[in-house]
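Residues: numbered from 1 along the sequence shown.
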Amino acid sequence: MNLSILIPLLNEEESLKELYAWIIKVMQSNNYSYEIIFVDDGSTDDSWNIIESFSNENPNVKGIRFMKNFGKSQALHAGFAKAKGDVIITMDADLQDSPDEIPELYDMITKEKFDLVSGWKKKRYDSVVAKNLPSKLFNWAARKTSGVELNDFNCGLKAYKNVVVKNVEVSGEMHRYIPVLAKNAGFGKIGEKVVIHQARKYGETKFGMDRFVNGFLDLITIWFLSRFGKRPMHLFGLLGSIMFMIGFLLALYLGIDKLFIHKTSRLITERPHFYLSITSMIIGTQLFLAGFLGEIILRTKNNEARYKVAQEVNF
């Protein structure tokens, strides 16, 4: 199978029919073998019924319906697990991503041998203050932190080799950082393509300013996990040992000073250095224990499902 088109969605009943017809037109004009996977992330409108109608008329259309809204990352995770195409294309359901970009993205994966290609909405039709400026700041920070040179990490239109999506773990709100996760998993050939960004035609955006705050917090998380996620003791144990040694050496100095140098001077407890040494040793011990507990958790964690599927069609 050439392509899996993966579309996570939440309450997009107005745009689904137009999007579906557009994708089918592109698939047929290029003679692709394909599947379209809609992942309904807990929609409360008529989105699922529309998806079911597509699947009834076209066996290449498949659907996954969540019991409630679990988030875009979970929707992508569920779709990635089911995708069978040699190339997986992800896109949003709001018609802001153009299906006409699919052939070029497909060629970049199959002919130019990219592992992953991310869309870049160079010209945007969003609010400058509410979205464009925060997005530029967010993308700059993501580039500097991750080392992945992309201009638009948050673009929903991306293309992947099948092997990539089977080897990245998308959880929480980490869908913004799939290129970083792919790089950390060993997929180094990551490209970018300027894509058309269209103004939203129906409904309202599901994302507010809080997504940028969450994005920066997730960026810190992924930076930490990429370096110490498998070995927390290497960070916390090291910091804890350093802090404890500083406190211990300071306490040793105070003891020697009191016993052998200034025997008649004020009490040790009246000196601020005493409290600094005690605090350093306590903090050092806590950091060391944090690393130790992290190691235990890594070895005993269970992989509890992060989402519940209510219904599937054509799988």
For Phe292, look at atom CZ and say whether over 12 heavy atoms of other residues, nucleotides or ligands are found less than 6.0 Å away. no
Could you check whether Lys193 pairs with Glu101 (Lys NZ or Arg NE/NH1/NH2 to Asp/Glu carboxylate O, under 4.0 Å)? yes
Is Lys161 paired with Asp115 through a side-chain N to carboxylate O contact shorter than 4.0 Å? yes
Nearest 0.5 Å please: distance from the OG atom of Ser73 over to the NE2 atom of His77. 10.0 Å
Within the 4.5 Å heavy-atom criterion, are Ile24 and Val26 side-chain neighbours or not? no
Does the side chain of Tyr34 come within less than 4.5 Å of Ile23's, by heavy atoms? no
Leu238 side, atom CG; Phe288 side, atom CZ - distance, nearest 0.5 Å: 11.0 Å
State, with a plain yes or no, whether a side-chain heavy atom of Ile88 is found less than 4.5 Å away from one of Phe80. yes
Share the residues that join Val194 in a hydrophobic cluster, the rule being Ile, Leu, Val, Met, Phe, Trp or Tyr side chains under 4.5 Å apart at the heavy-atom level. Trp120
Using links of under 4.5 Å between side-chain heavy atoms of ILVMFWY residues, direct or through other members, which residues join Leu289 in one cluster? none
More than 12 heavy atoms of other groups within 6.0 Å of Met1 CE: yes
Any donor-acceptor pair under 3.5 Å from Asp41 side chain to Gly71 backbone: yes
Close aromatic pair by centroid cut-off 6.0 Å: Tyr160 and Phe187: no
Answer yes or no: does atom NZ of Lys17 have more than 12 heavy-atom neighbours from other residues, nucleotides or ligands under 6.0 Å? no
For Gly85 versus Glu35, what's the shortest heavy-atom pair and its separation? N-OE2, 3.9 Å
Got a donor-acceptor contact below 3.5 angstrom from the Ser118 side chain to the Glu192 backbone? no
Short question: side chain of Asp86, backbone of Asn2 - any donor-acceptor pair under 3.5 Å? no
Pairwise distance OG(Ser280) to CD1(Ile246) - rounded to 0.5 angstrom: 6.0 Å
Arg271 CZ to Leu276 CG distance, which is reported to the nearest 0.5 Å: 11.5 Å
Do the rings of Phe66 and Phe70 sit parallel, tilted or perpendicular, given the 30° and 60° boundaries? perpendicular
Identify whether NZ of Lys or CZ of Arg in Lys82 sits under 6.0 Å from the centre of the six-membered ring of Phe315 and within 45° of that ring's axis. yes
Can you tell me if Lys84 has over 12 outside heavy atoms packed within less than 6.0 Å of its NZ? no
Under 3.5 Å, is there a donor-acceptor pair between the Ser15 and Asp94 side chains? no
Backbone N/O of Asp45 and side chain of Ser43: donor-acceptor pair under 3.5 Å: no
Side chains of Pro103 and Tyr32: does their closest heavy-atom pair fall under 4.5 Å? yes
Should Val170 and Ile178 count as side-chain neighbours, where that means a heavy-atom distance under 4.5 Å? yes
Does the side chain of Ile36 come within less than 4.5 Å of Asn60's, by heavy atoms? no
Working to the nearest 0.5 angstrom, can you tell me the gap between Cys155 SG and Asn139 CG? 10.0 Å
